[in-house]
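Report on one structure; see the data block that follows.
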Protein chains: 2
Amino acid sequence: MIAKEALSIDKAATALKLMGDKTRLTMLRILADHDCCVCEFVEIFNMSQPSISQHVRKMKDIGMIKEQRRGQWIVYSLNEEFEGYEMVKNVLHHLPVQDHHLEDLIQRGKRISCE
Amino acid sequence: MIAKEALSIDKAATALKLMGDKTRLTMLRILADHDCCVCEFVEIFNMSQPSISQHVRKMKDIGMIKEQRRGQWIVYSLNEEFEGYEMVKNVLHHLPVQDHHLEDLIQRGKRISCE
DNA sequence: TGCGTATATAAGCATATGCCTATATACTGA
DNA sequence: TCAGTATATAGGCATATGCTTATATACGCA
């Protein structure tokens, strides 16, 4: 693996730095199982909407996640075309499932995206 | 895997943040194959000795790498006891081998550690 | 014991990061 | 077209980060 599809140190460091934030890392772990929109993240993290938007933007800017407009909402998901996708997936597999956040959303009637 | 040996988001984020720096990530990729001491890193990165020491210290502080005094030198290596060791190893496997740095060291007669 | 080499720590500085509030833009539906 | 909801951007602030130089500490050897 190492030789053929190795990711450059630079690109990997950029991706890892983004993953090194607790909020973004949790977002990514959620996205590994469920697409989400910004307003859902706002509910989950109890954080201002602009803060969430900025986190999302950073990950979108490097291609780590992708967006898809669905009516009024913009739904985000992991980008399988991302050069570091395999690495990201690998990392996320070491982390605990974050379904409780989604279940909480549903209970509060705040779940938007339908998959 | 996910359930049993999952790393907490907090701990993973801390580890990933440290890996998100190009210098430290390169160090780790080197350490995946070879033990190294601080003065070798100083040569490799062409950076001040205190800067290298600080990078090393951060990784040592969270247990990601370990030290072993060998005479005059302190040799660093990946810590297999580190809770996130598997994740770290996994990430490093996605990166290109950094042997050229070691070969360069040897050519310049600056290689210290013997393995 | 004292010099030379290796490493660590302290202090300072410039830049990066993450959060906030205020405001702009985009889409939906009446 | 206008109100309401969702998202993005701008600007500001406090803290974190990475680097440097200066200095302290630790070890090996004459």
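Below, chain A is the first sequence line, B the second, and so on; all start at residue 1.
- The backbone N or O of A:V75 sits nowhere less than 3.5 Å from a side-chain atom of A:R70 that would complete a donor-acceptor pair.
- One can place CG of B:L18 at 15 Å from P of C:dT17, the figure rounded to the nearest angstrom.
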Spell out protein contact along nucleotides 25-30 of chain C as letters: B when the base is contacted, S when just the sugar-phosphate is, - when no protein heavy atom is under 4.0 Å; keep the 5' to 3' order. -SSS--
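- The 5' end of DNA chain C is approached more closely, in terms of each residue's nearest nucleotide, by B:V38 than by the other of A:G20 and B:V38.
- A straight line from CE of A:M47 to P of D:dT7 spans 16 Å, rounded to a whole angstrom.
- Look at CD on B:E40: it is 17 Å from P on C:dT5, rounded to the nearest Å.
- Atom pair B:K22:NZ and D:dG18:C1' shows a separation of 14 Å (rounding to whole Å applied).
- Going from atom CD1 of B:I112 over to atom C1' of C:dT7 covers 13 Å, rounded to whole Å.
- B:E40 places a side-chain N or O within 3.5 Å of a backbone atom of B:I112 that can act as its donor or acceptor partner.
- Across all non-hydrogen atoms, the minimal contact from B:L7 to A:L95 is O-CD2, 3.7 Å.
- Atom CZ in A:F41 sits about 18 Å away from atom C1' in C:dC19, given to the nearest Å.
- Close to C:dC20, at under 4.0 Å from its OP1 or OP2, lies a side-chain N or O of A:S48.
- A donor and an acceptor atom, one from each side chain of A:D99 and A:H34, are located under 3.5 Å apart.
- Using a 4.0 Å heavy-atom criterion, one finds that B:F45 contacts no nucleic acid atom at all.
- C:dA16 atom P lies 13 Å from atom CG of B:D21, rounded to whole Å.
- In terms of modelled atom types and a separation under 3.5 Å, the side chain of A:E80 and the main chain of A:L78 share no donor-acceptor contact.
- Residues satisfying the salt bridge (charged side-chain N to carboxylate O under 4.0 Å, His left out) criterion with B:K58, sequence neighbours excluded, are absent altogether.
- Taking only side-chain nitrogens and oxygens, B:K17 comes nearer than 4.0 Å to OP1 or OP2 of D:dT17.
- Residues passing the salt bridge (charged side-chain N to carboxylate O under 4.0 Å, His left out) test with A:K60, sequence neighbours excluded: A:E67.
- Within the 4.0 Å cut-off from OP1 or OP2 of C:dA8, at least one side-chain nitrogen or oxygen of B:Y76 is found.
- By the salt bridge (charged side-chain N to carboxylate O under 4.0 Å, His left out) test, A:E43 is found to be paired with A:R108, A:K110, residues two or more places apart in sequence or in another chain being considered.
- The stretch residues 49-67 of chain A touches DNA chain D through A:Q49, A:P50, A:S53, A:Q54, A:R57, A:E67, each having a heavy atom under 4.0 angstrom from the strand.
- Contacts classified as side chain to side chain donor-acceptor pair (under 3.5 Å) and involving residues 10-25 of chain B (residues at least two apart or in different chains) are given here: A:D10-B:K22, A:K22-B:D10, B:K11-B:E83, B:R24-B:H55.
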